Amino acid sequence: MKKYFKMFTNRLSAGLAYRSTIFGTMFLDLVTMSGVVIFWTAVFKEHHSISHYSFSESMLYFLLIPFIASFTYVFVSEEIGGEIRQGSLSNYLVKPFKLELDAFCRSLASKINYIFISFPIYMGILYLLSFKYQYNFISFKGLLLGCFAIVMGFLLHFVMDLAIAWIAFWIGDTWAFVHFKRVIFLILGGASYPLEFVTGIQRTLIELLPFKYMYYIPASYLLGKRGLNTLFIDVCGFIIWFIIFIILGKLLWNAGLKKYEAYGN
Amino acid sequence: MMAYRASFAIEMFVEIGYMIAQIIFFNILYGNLSSISGWTRYEMLFLIGIDMFVGELIIGMIFANNTNTLPEKIRNGDVDFTLLKPVGSLFFLTLSSTYLPSLFTSLIGIYFICIAISHLTIVWSLLNILGFIIIFLCGFIISYSVMVIIASLSFIFINAKPLPRLGMNTMIQFTDKPFQMFDGVFLKIIFFFIFPSVFITSIPVHTIIKGLNYIFLFQAIFLAGIFLFLVNWIWSKMIARYSSASS
């Protein structure tokens, strides 16, 4: 475990080395938040509610999405996919640690960097905006359940992304799959709109898929739209999908490793 | 880029995927609403079509292979070779390489524009069309200038990879929103003067649908001139302070 802790602290230091990158990412989030605030303020000037979401609830939902994304989104498929394509995976195969745990340390380190630097500023802005837009700031119970849901979202996204990364053994570049994943999150994950905006059979299908865990489920718990009564079902769904992606990842890794070739490394 | 046809096709499908997501969001929204800031469904579709068209143009011509690669080129010293070439460094580093998948997928925006126009009653006039073209071109120049100015901060903040994306997002994040949304003095100053993205899509579309507004026309021309001067001046200052990365 010591070696993994050391890897984690190394990644943490590397992430903090270029502070302009951290602040640049934070400004990107601020631009996104501004767009959200402006858009939904204009929409709700003419309408009182949309699918039982009031103005304040909608505002808080969309303001929370970049915040949730910073915790649940991972870049494993881009990083490891690139290493497989370039053949530098060979360096990891001869080292005395598991690549999956190294990838986990990388992802976790980037989240910790975010917590210490961007998170306080982000929560401060959310709190100040609560006075202007009069949404009820997150309750303590909502915060606890929301954090739990965010952890579920992070873990599920990690195993999903790991499975996507192993596809690089066959197609060389996972770039397209990474972007398709983002498009799917926009449509099916709750990143563009609360899933309550969708009705009928489409809603039922979306509820069965794992993508809602990335944005919609954490946002719903933070908003208080979901509570202890739905927690058991959500955890069961998470466990099922987690196991599915773990198994899929293992199968792809074993098959891919047999196929893997690298030259000059 | 065309040599790897499979890769090219995949990149195009990815761009189309983002457009599909945008259209799905639009349909879900207008399934619940009748208008947004006074813009009806098909007026908004017209705006989204123009936004897709110009957004992909901006990504393909300015961002993807140009400003987005600037931090990396500065960090590893590739800018040195650019400065030795008999071509202006501003053009070479910000406009010389195009990302073809975006240019092709920008044509999909034209498809949605045609659908929107077929459902709208537009009074076509040469004046409105000319006004649209001039304001659109001015908006494009403004967008290029703002993106390059922000990306050029990479000469100061080494390895600041988010900077080019910040420049791009600042300009195209708001281009699918009607300009009437930017209410109040503060927002008007930001979106009509400092980061005037309204001149890229929203005001040109409004010109076609509602007619030419001369104040917008002259403001667009004035701002394009100002920003073009600023980008050249700031770029020359950044190049003057550039020091090589030991190449």
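In this text the structure is predicted, and so the values were computed from the model without any measurement. Numbers restart at 1 for each chain; the letters A, B, ... are given by sequence-line order, proteins then strands.
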**Q** Using heavy-atom distances under 4.5 Å, tell me whether B/Leu163 contacts chain A through its side chain, its backbone, both, or neither.
**A**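 Contact with chain A involves no heavy atom of B/Leu163 at all.
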**Q** So which atom in A/Val183 and which in B/Gly17 form the shortest heavy-atom distance, rounded to 0.1 Å?
**A** CG1-O, 3.3 Å
**Q** Do the side chains of A/Phe39 and B/Asp176 get nearer than 4.5 Å, heavy atoms only?
**A** no
**Q** Just verifying a value: how many Å separate A/Phe197 CZ and B/Asn27 CG, rounded to the nearest 0.5 Å?
**A** 14.5 Å
**Q** Nearest heavy-atom pair of B/Lys177 and A/Gly35: which atoms, and what distance?
**A** CE-O, 3.7 Å
**Q** Counting only non-hydrogen atoms closer than 4.5 Å, does A/Thr199 touch chain B with its backbone (N, CA, C, O), its side chain (CB onward), both, or neither?
**A** neither
**Q** Can you tell me if CZ on B/Arg165 sees more than 12 non-hydrogen neighbours from other groups inside 6.0 Å?
**A**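 Result for CZ/B/Arg165: open.
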**Q** Quick check on B/Phe195 against chain A: is it the side chain, the backbone, both or neither that has a heavy atom closer than 4.5 Å?
**A**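 The answer is neither part of B/Phe195.
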**Q** I'd like to check B/Ile24 versus A/Tyr193 (side-chain heavy atoms, cut-off strictly below 4.5 Å). Are they in contact?
**A** yes
**Q** With a 4.5 angstrom heavy-atom cut-off, is it the side chain or the backbone of B/Phe174 that approaches chain A, or both, or neither?
**A** side chain
**Q** Please name the residue in the list B/Ile190, B/Leu187, B/Asp183 that meets the side-chain contact (heavy atoms from CB on, under 4.5 Å) test with A/Ile38.
**A** B/Leu187
**Q** Decide side chain to side chain contact (heavy atoms under 4.5 Å, CB included) for A/Leu186 and B/Phe25; before the verdict, give the C-alpha distance in whole Å, the side-chain angles of both, and the deciding distance to 0.1 Å.
**A** CA-CA 9 Å; A/Leu186 285 172; B/Phe25 173 68; over 6 Å; no
